[in-house]
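A short worksheet on the structure shown next.
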Amino acid sequence: MLCYFAPMEGLTGPVFRQVHHDMFPGVDRYYTPFLAPTQNHQFAPRDLREILPPAGDAVPTVPQLLTKSAPDFLWAEGQLRSMGFEEVNLNVGCPSATVVAKGKGSGLLGDLPRLTELLEGIFSGNSLPVSVKTRIGLRDSEDWEALIALYNRFPIAELTVHPRTRTELYKGDIHEDAFALCYAKSRLPLCFNGEIHSAARLRELESRYELLHACMIGRGLVANPAMVREYRGGKPLSKSELRAYHDALYAAYAEKFGAHNAMHRMKEVWICLRTMFADCERYADKIGRSKDADELLYWAGKIFAECGMKL
Ligand SMILES: Cc1cc2nc3c(=O)[nH]c(=O)nc-3n(C[C@H](O)[C@H](O)[C@H](O)COP(=O)(O)O)c2cc1C
């Protein structure tokens, strides 16, 4: 079973991907946070910085596009192909209110004719394999079976399912029964995404769904960067490795964006990392309220020195 790093806006940008890949090789693909191609068919420099791997070791990267327009998708896909990317992912899951209001991301799940038209447009002109990342519905999962049938009509390279509705955002129990239904009915290579927090869970998914092509891991892999190594039989994460990863991320962010910006980025990382430590709340809350990098690094040091790691 392949293992992917999930796209996470504000977290898994190129600096993060490079540090993770250098320190914990073995993740099969890193999906970029979404790019939204515009009608004027030009990538903003900021978009290009998000997708281009930095110099050095090439990180296996798949760019993700957020759009409801087939021509815009196909334009962006052509550009990405000429840059050397080998797959493009379509976002049909983003739950943000502004995105949904524009009928993009999980907004497409509430308008099946529109989603059909988009997929028809994309698959009549694509030159790269196109994978899709989806939720199971907009407000509820009433249309899930119809959605599975709709996806089945297209040569989607891989379908990643986050088994929650748009309304459920990223919280609460996932609906594994909805994934199981898709596993039974879909003819596409499937990828499971959502609340994977251990190598044991990866093994459980692999044995429950024998034909599962891949798992995509987000917050759990930010918190335990060695999860895929452990799943493949390597050693579990140690506290000193976690510390080294933390310090390498901070150093890379500070070098690229300056200390203040690095502090903000590390706060996002700590939202995930704090789940790795027992009884760290009082220090982790101080990290969230830190006003400068020195303060953040001080409280981070306290956690590493005083709190036990949960593994
Ligand atoms: C801060 C944040 C940003 C995200 N950005 C994206 C994104 O750009 N594209 C996308 O498809 N999903 C995005 N997601 C969703 C994740 O890819 C993933 O589906 C979600 O976190 C559930 O997986 P997990 O439980 O393993 O974290 C984001 C999630 C979070 C928490």
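Both counts, for ligands and for their atoms, begin at 1 and track the order of listing.
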Worksheet entry | Pocket residues of ligand 1, ordered first by chain and then by residue number (heavy-atom cut-off under 4.0 Å) | Ala6, Pro7, Met8, Glu9, Pro33, Phe34, Gln64, Asn91, Lys133, His162, Tyr170, Asn193, Gly194, Glu195, Ile217, Gly218, Arg219
Discussion item. Looking at Ser290 and Asp292, would you say the former's side chain and the latter's main chain have a donor-acceptor pair under 3.5 Å?
Written reply: no
Practice prompt. Measure from NZ or CZ of Arg265 to the centre of the six-membered ring of Phe257, then state whether that distance is under 6.0 Å and the direction lies within 45° of the axis.
Written response: yes
Discussion item. To the nearest 0.5 Å, what is the distance between CG on Leu169 and NE2 on His162?
Written reply: 9.0 Å
Discussion item. Listing request: all side-chain hydrogen bond (donor to acceptor under 3.5 Å, both in side chains) pairs with a residue in residues 278-288, at least two apart in sequence or in separate chains.
Written reply: Arg274-Asp285, Tyr283-Glu306
Worksheet item: Parallel, tilted or perpendicular: which fits the ring planes of His20 and Phe16, with parallel below 30° and perpendicular above 60°?
Response: parallel
Discussion item. For Phe179, does the six-membered ring have the charged nitrogen or CZ of Arg135 within the cation-pi criterion, i.e. under 6.0 angstrom from the centroid and within 45° of the normal?
Written reply: no
